[in-house]
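Reading through the structure tokens given below for one structure.
So you know, we letter chains A, B, ... as the sequences are listed, proteins then strands, and number each from 1. Computation of the quantities below employed the complete heavy-atom set of this structure, encompassing side-chain atoms and omitting hydrogens, waters and symmetry-equivalent molecules.
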Amino acid sequence: MQSGPGDAPLLADLNDAQRQAVTHLDGPALILAGPGSGKTRVITRRIAWLINQGVKPWHILAITFTNKAAGEMRSRVEALATHKGAIISTFHSFGVRFMRQHAARLGLEPSFTIYDQTDRARMTKIAIEDTKIDSNRFSPEAVGGAISRAKNHLLSPERYAAEARDFFARAVAEVYPRYEKRMRDAGALDFDDLLYWPALALRNDASLRAECDERWRYVLVDEYQDTNTAQYAIARNLSQDHPNLFVVGDPDQSIYKFRGSDIRNILDFERDYPGARVLHLSDNYRSTRHILRAADALIANNQQRKPKKLTPRDRDGSPVEVVTHDDQAREAEGVARLVRQEVDRGRRSFRDFAVLLRMNALTRAFEQAFIRNKVPFQIVKGLAFFDRKENKDVIAYLRLMTNPRDDVSFLRVVNEPPRGVGATTLERLQEYAASREATLMAAAAQAEFIADITPKAAKSLVAFARLLGELAPLAEGPPHEAITKVLERTRYRESVKSKDALTDDDRVANIEELVTAARQFSEANPDSGVAGFLENITLAGDIDSYDTREESVTMMTLHAAKGLEFPVVFMPALEQGLLPHERSLNSPGDVEEERRLCFVGMTRAMEELHLSCARMREFRGRTIYTVPSMFLGELPGEVRRTERGVSETGGHDAAWLDGDTPVERREPARPAPGRPASPAAATAAPCAYEAGNIVQHDSYGLGQVLEVSGHGATRKIRIRFITQGIRTFLVDKVALRKVARGG
DNA sequence: GGGTGCCGCTTTTTT
DNA sequence: AGCGGCACCC
């Protein structure tokens, strides 16, 4: 490594491994970076260092997974070096830029619309109806998901069809080409297209590939463990002639398999790039020893994993807490009280706390508890706002202004507000459009010539087409003006107001908020028109709306928390079926991913980590008895385990749950009692288990033995599980743990 | 032929 | 919370 001018401040506060990573010059490099090991710092310093070494900024491409991470990286590099010309963006934003730039070469209009998963489902539904497949048999979401996975694996419709074996795959194989045709005709790309087409173009067009490889000589990829096949292909094809691919990641934090990421990309890096430099960042600067030991112990249970340890740099801190509550209301109340108390004592501020959950649906109880205790909070879930019906409607108008071929948006708002265009008319219109290979907008403009469409409906359709034609020029101007005009011309506000007096205030407020969001966007991006605004909101993720400076407790999913850190982390609802999630229990590989998810959550904590579960949980309208997460059993003995409440005693005071004023209550710390046992038939033969025993099964959770029958290899055991009903197993084959003798 | 109101289903995680 | 499906009314 050479040292250039002004390197000292870039390298001074780095440890040995970090410095080696930053100053790695040419050739592929894999940086295995555990949580809290300073990987963002390594990437940003490296970009600055490369520029200091004389690498031109426009030869640098740094890719992250979220817009927020990209923005942060950009501002951090900015503080270190002039990087004008370097691209720091997400894979998807890079894909958009690539597609717009090479649209002509790819046979695409540069004014394409980007479809989100909701739009994808609608288009999939249309495509299913194009085929002879029974549309009730397969949901558009399921088929759309399968198409998405195919694209993530770079499978074209032809290749997918060649490999389709089972009934479902054969149906998807029918729909996939129809979907693609429909998308192309609508001038639309889905999220996966933003990776799929660039990946294919780079793979198949040698001159384009060489041109891009030459342009981006230094490619850096963050969170490499989460790349899918398409992303892998993009990175690989940009790193042939200039094989300076620098990837940073942690196999233990791979949590996006469901959207196609392939952990083998990082595990096989050395095989794919012979001679790659491999560096390990294992010093953890984030968390206390207690937290790291707990996280280490948990992740060590994964079989498909290279062993590695996190080296703490910090003090011991306080032990990791595991608390069992009676139900989710008390669990949430416990969190809210602790936050309140710490803030009241002046020891913490609200923004020091985060509540990390497996599912968005679990936030309810916490919202209520925080409100009750006057604890300010924010939920990181940006989708909710732009997903509101009224906003989606307005957005559909904007899309039609920039791209009149967008059939999905057409269908969404052609009768919104109501214009007297019903299902029958639309069916006729679609038939007509299909027979002439025309877009719905074009067909609407000539609706008066379509047989079987009533004159009244035809008039409405023509007026609608004319309206959009008149609005279209506004797409070049600032988006908030376009929205204002849309609302005015469609009288959308008025139509909302006349519906339901109770909710319409909310809806109108949402529309106003959309106008504000558009105005803010215009101010920040004065040169962008409506198309830029649409692109921005479609590609914005939940985490992008998260404000770290806000004085409030943060609630978010474990997935969204990746890359973040908080002084105090709560991880509630650690129950079998939630984490690990029910749908992962059938496959050991999926359970390992759930364990990684738990690991990611735990390693967000800097000083305190509070894990909890509830004995009872209301979910989808039913109350179920829960089983503590298997992951809690994998933590070391040093964690502090506490039982609160204990329903069976009936001794606690629940008054605080109903009133506004919290009442202090006793915290009897006592062990959980065994479940009441029922008298069951005894068996003659000696056996490790007998009726009444309380047993733990790896997947089904806690249950009570009802009966043991037979003998030898055919001895059977019948168990009633708390959540999964009655099951029968062969005693010799089933993995059970006796928890209590019971009866 | 279109509009309206009610029911039940949906969601695990996301760019 | 939204939305498709359905029944019922205009």
For A/Y432, the side-chain hydrogen bond (donor to acceptor under 3.5 Å, both in side chains) test, sequence neighbours excluded, returns A/R436, A/Q446
ask   = Looking only at atom P, what distance separates C/dG5 and B/dT11, rounded to whole Å?
value = 15 Å
- Run the side-chain contact (heavy atoms from CB on, under 4.5 Å) check on A/T554 and A/F566 step by step: do they pass? CA-CA 9 Å; A/T554 303; A/F566 300 89; 4.1 Å; yes
Separation between the C1' atoms of B/dT13 and C/dC3, rounded to whole Å: 23 Å
From CZ of A/R120 across to P of B/dT14 the rounded distance in Å is 14 Å
Look at all strands and tell whether A/F91 reaches a base, only sugar-phosphate, or nothing, counting heavy atoms closer than 4.0 Å. nothing
message = Are there over 12 heavy-atom neighbours, none belonging to A/K459, within less than 6.0 Å of that residue's NZ?
response = no
note: A/Y256, atom OH; B/dT13, atom P; distance rounded to Å ~ 11 Å
To the nearest angstrom, the CG-C1' distance between A/L558 and B/dT14 comes to 14 Å
Closest of B/dT14, B/dT15, C/dG2 to the A/K389 side chain is C/dG2
For C/dG2, does either OP1 or OP2 sit under 4.0 Å from a side-chain N or O belonging to A/R412?
no
Separation of B/dT14 atom C1' from A/H92 atom NE2, nearest Å, is 9 Å
Query - Check: A/A573 main-chain N/O paired with A/E331 side-chain donor or acceptor under 3.5 Å - result: yes
For B/dT14, does OP1 or OP2 lie under 4.0 Å from any side-chain N or O of A/T557?
yes
The side-chain hydrogen bond (donor to acceptor under 3.5 Å, both in side chains) partners of A/E390 (sequence neighbours excluded) come to A/R507, A/N510
note: A/L574, atom CG; B/dT12, atom C1'; distance rounded to Å ~ 15 Å
* To do: Tell me whether the OP1 or OP2 atom of B/dT12 has a side-chain N or O from A/R583 closer than 4.0 Å.
  => yes
If you restrict it to nitrogen or oxygen atoms, what contacts under 3.5 Å exist between nucleotides 1-3 of chain B and the protein, and what is each distance?
from  : atom 1 : to     : atom 2 : distance (Å)
B/dG1 : OP1    : A/R428 : NH1    : 3.0
B/dG2 : OP1    : A/G422 : N      : 3.2
B/dG2 : OP1    : A/T425 : OG1    : 2.3
B/dG2 : OP2    : A/T424 : N      : 3.3
B/dG2 : OP2    : A/T424 : OG1    : 3.2
B/dG3 : OP1    : A/G420 : N      : 3.1
B/dG3 : OP2    : A/N415 : ND2    : 3.2

(Q) Quick check, does A/F258 stack with B/dT12? I mean ring centres under 5.5 Å and planes off by under 30°. (A) no
Taken to the nearest whole Å, NZ/A/K257 to P/B/dT15 is 20 Å
When rounded to whole Å, the CZ to P distance for the pair A/R149 and B/dT15 reads 18 Å
Hits for ring pair (Phe, Tyr, Trp, His ring centres under 6.0 Å) against A/Y176, two or more places apart or cross-chain, chain-then-number order -> none
Under-4.0 Å side-chain N/O to phosphate OP1/OP2 contact, A/N360 with B/dT13 = yes
So salt bridge (Lys or Arg N to Asp or Glu O under 4.0 Å) across residues 87-101 of chain A, not counting sequence neighbours, yields A/R100-A/E535
Atom NE2 of A/H581 and atom P of B/dT14 are separated, to the nearest Å, by 12 Å
Taken in chain and number order and not counting sequence neighbours, the residues that satisfy salt bridge (Lys or Arg N to Asp or Glu O under 4.0 Å) with A/D250 are A/K308
**Asked** Can you find a side chain N or O atom of A/R122 that sits less than 4.0 Å from OP1 or OP2 on C/dC3?
**Response** yes
**Prompt:** With a 3.5 Å cut-off and just heavy-atom distances, do the side chain of A/R259 and the base of B/dT15 make a donor-acceptor pair?
**Reply:** no
